[in-house]
Novice: 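Have a look at the structure that comes next, please.
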Amino acid sequence: MRRNSIIPISTLIIAPLLSAMIFIITPVDGRAFEMQAATENTKSENAAPEKSQEGDFARGAKLWADRCGSCHNIRDPKDLTDSEWEATVTHMRIRAGLSGQDARDILAFLQKSN
Amino acid sequence: MYEISAKSSSISLTKALMLSTAMALSLSSVALANGQEDVDGATVSVEEYQALKSEIEIMRAEIAEMKKLIKEQQKTAPAKSAVNNVVPINSGSQARTVSTTAQEPQVTKEEFQKLKKQVRKIDKTAKSAEEWKNTNSTVHLSGYASAGYASNDGGDGRFNQAQFAPIFHYQYKDRVLLEAELEFEAGEDGSTEIGMEYLTIDLLLNDYVTLIAGKFLSPVGQFRQNGHPSWINKLPSAPSGFGHDGAAPSAEMGLQLRGAIPMGDSDMRANYAVYVGNGPELETITVGTETEIHGISSEGFAADENNGKVVGGRVGFIPVPKLEMGVSGATGDIAIMGEDNRSYNVLGADFTYQVDKFDFRGEYIQQEVGSLVGSIVPDAWKTSTWYVQGSRKLPNNFEGVVRYSDFDSPDPDQAQKQWAIGLNYLFAPQVIAKIAYEVNDGLSGAANDENRWMAQLAYGF
């Protein structure tokens with residue numbers, strides 16, 4: 001068996017990490033994260049998805065130029081539809097470590113410019 | 001219901017009244033003056049006379065009915081017509097025309113019905129489009145593809161690359177994103193190699209934290225997680241040591257937390273990624289009677305043979321826009337199959353900087369495996385690699401790029417110093433044709449020592 005007799009350091013780090021995660025889950029703006037109840041989700045089939053806050057077009061334009069171009073050539077807003085930009089910006093929010101507000105700002109710019 | 005303007009109705013009715021009265025008078029006078037004969041000498045029978053008289057009577061009745069109707073509508077019309085400039089009337093047989101003003105051309109009933117049908121169709125289409133905009137779930141397919149050619153100095157050239165890497169995005173509200181990248185690549189023997197670069201379910205917990213579960217690209221460094229797609233990488237090849245099984249970790253299976261660090265309202269930004277995963281595996285090779293470590297495989301294994309997890313992460317800092325600096329690392333256990341665990345540590349640093357038409361980036365990563373008494377390979381093992389790259393946008397959609405990389409490995413077959421210079425043409429920001437030349441310095445006579453030409457067409461979608 002390839003086991004060390006000592007408890008791996010990584011195991012000792014995982015527990016604090018998970019604990020930290022629980023604290024981090026509580027949003028900075030004080031709103032507790034709650035998953036939507038199924039009944040609420042289905043109250044209207046055509047209900048618009050929840051948008052916690054609106055994005056800012058001007059801030060989004062600047063962030064789009066500053067942040068998107070740090071890894072790749074900047075894409076034309078007209079390349080994608082509104083919903084495609086939504087998924088793409090969420091992907092990039094995670095990949096580039098953007099805050100939710102920065103992502104909403106960039107999305108607002110792209111959706112109003114396509 | 002038809003709509004007709006009061007003014008135009010009055011004009012039409014007046015004309016009709018005058019016409020019908022004239023017809024009635026003329027017919028009556030003809031009949032009275034000539035009995036059964038008309039002025040032209042043509043005979044008119046009593047039956048014909050009676051039939052015409054009946055028609056006139058019917059017309060008179062219809063006109064009287066219309067006059068009554070118009071009067072009624074004129075009483076209620078002004079208020080509505082002031083707003084809409086239209087007056088609704090019943091769709092009886094009398095209603096033959098529709099117009100919004102007296103000056104506009106009249107429209108037949110058939111044309112009106114056709115227009116009405118078109119409006120309904122457009123309305124339905126508009127509602128349908130709006131409905132798609134507001135669904136809770138969004139599906140999006142992106143990815144990249146590339147085709148390449150390579151020619152080693154003194155050797156034959158070959159079309160060596162046909163790669164397709166679709167990326168699937170399934171998003172539910174602002175809560176969850178499923179993302180998966182597959183990779184299909186043509187093999188040298190004509191087969192198709194299929195791989196899953198990553199597959200994660202990302203829970204967006206709040207504006208600053210996303211929990212990621214599954215197989216993900218290693219957050220250590222920049223190139224593996226952000227720079228490897230062919231439409232992003234400015235050269236046809238990866239820097240030495242940054243490919244699969246190089247000095248930089250490729251992927252991991254486990255959990256990850258990543259997001260932004262709040263920095264107030266300034267232009268400064270910071271981001272982080274921390275993860276725990278099964279960790280990499282140690283590869284060995286036996287040459288004759290001696291066994292040695294050949295490399296560290298970190299493709300994101302679903303097994304954890306040595307039962308030793310690895311934790312790691314990266315912190316990125318953006319003090320001013322367009323400049324990002326990051327440090328990363330990982331620590332944990334790794335083992336040769338059948339042996340006890342030994343230490344495994346990774347360190348990395350990276351930067352990207354854009355100014356004017358220039359783009360600069362660089363990265364350093366080292367992986368170190370500790371020694372283990374009694375092992376078939378008791379000594380410690382260390383590999384490191386780094387690169388710096390500069391590129392500049394040129395006129396007419398051209399772009400020039402230069403990169404230097406240095407891969408230091410105990411295995412002489414892998415160690416390599418490399419210069420690469422390339423010229424790109426951008427058909428679009430995501431459609432790039434590249435041509436490049438690599439000057440490689442490795443083990444004399446080995447593949448890693450051969451210089452080569454490369455060409456690639458890359459498309460990000």
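Chain letters run A, B, ... following the sequence lines, proteins first and then strands; every chain starts at 1. Side chains included, hydrogens not; waters and symmetry mates left out as well; all remaining heavy atoms used.
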Novice: I need the contact set between residues 90-99 of chain A and chain B: heavy-atom distance under 4.5 Å, sorted by residue number.
Specialist: A/T90, A/H91, A/R93, A/I94, A/R95, A/A96, A/G97, A/L98, A/S99
Novice: Can you tell me which of B/M263, B/Q225, B/R269, B/E324 forms the most heavy-atom pairs within a distance under 4.5 Å of chain A?
Specialist: B/R269
Novice: Counting N and O atoms only, with roles assigned by atom type, does the side chain of A/E84 sit under 3.5 Å from a partner on the main chain of B/H140, one being a donor and the other an acceptor?
Specialist: no
Novice: Quick check: are there more than 12 heavy atoms from other residues, nucleotides or ligands sitting under 6.0 Å from OH of B/Y425?
Specialist: yes
Novice: Tell me, for B/L141 versus chain A, whether the close heavy atoms (under 4.5 Å) come from the side chain, the backbone, both or neither.
Specialist: neither
Novice: Heavy-atom pairs under 4.5 Å with chain B are the metric here; pick the option from A/D66, A/D79, A/T81, A/T88 that has the most.
Specialist: A/D66
Novice: Between B/I261 and chain A, which part of the residue has a heavy atom less than 4.5 Å away: side chain, backbone, both or neither?
Specialist: neither
Novice: Roughly how far, to the nearest 0.5 Å, is SG of A/C71 from CG of B/D359?
Specialist: 9.0 Å
Novice: Less than 4.5 Å to any heavy atom of chain A: does that hold for the side chain of B/D267, its backbone, both, or neither?
Specialist: side chain
Novice: Does A/D76 have any salt bridge (Lys or Arg N to Asp or Glu O under 4.0 Å) partners at least two apart in sequence or in another chain, and if so, which?
Specialist: none
Novice: Taking side chain as everything from C-beta outward and backbone as N, CA, C, O, which of these in B/L323 sits under 4.5 Å from a heavy atom of chain A? Side chain, backbone, both or neither.
Specialist: neither
Novice: Chain A heavy atoms under 4.5 Å from B/T352: which part of the residue, side chain, backbone, both or neither?
Specialist: side chain
Novice: About how many Å separate CD of A/Q101 and CG of B/D207, when rounded to the nearest 0.5 Å?
Specialist: 6.5 Å
Novice: With chain B, which of A/H72, A/R67, A/R75 has the greatest number of heavy-atom pairs at distances under 4.5 Å?
Specialist: A/R75
Novice: Taking side chain as C-beta onward, heavy atoms only, is A/N73 less than 4.5 Å from B/K234?
Specialist: yes
Novice: As an exercise, state the distance from CD1 of A/I74 to CD of B/Q430, rounded to the nearest 0.5 Å.
Specialist: 12.5 Å
Novice: Counting only non-hydrogen atoms closer than 4.5 Å, does B/Y198 touch chain A with its backbone (N, CA, C, O), its side chain (CB onward), both, or neither?
Specialist: side chain
Novice: Check each atom of A/L80 against the heavy atoms of chain B and say whether the ones under 4.5 Å are side chain, backbone, both or neither.
Specialist: side chain
Novice: Does any backbone or side-chain atom of B/F216 lie under 4.5 Å from a heavy atom of chain A? Answer side chain, backbone, both or neither.
Specialist: neither
Novice: Where is the tightest heavy-atom contact between A/A65 and B/K322, given as atom of each residue plus distance?
Specialist: O-CE, 3.8 Å
Novice: May I ask you to test the B/Q171-A/S83 pair for a side-chain heavy-atom distance under 4.5 Å?
Specialist: no
Novice: Are any of the side-chain nitrogens in B/D174 or A/R104 under 4.0 Å away from the carboxylate oxygens of its partner?
Specialist: no
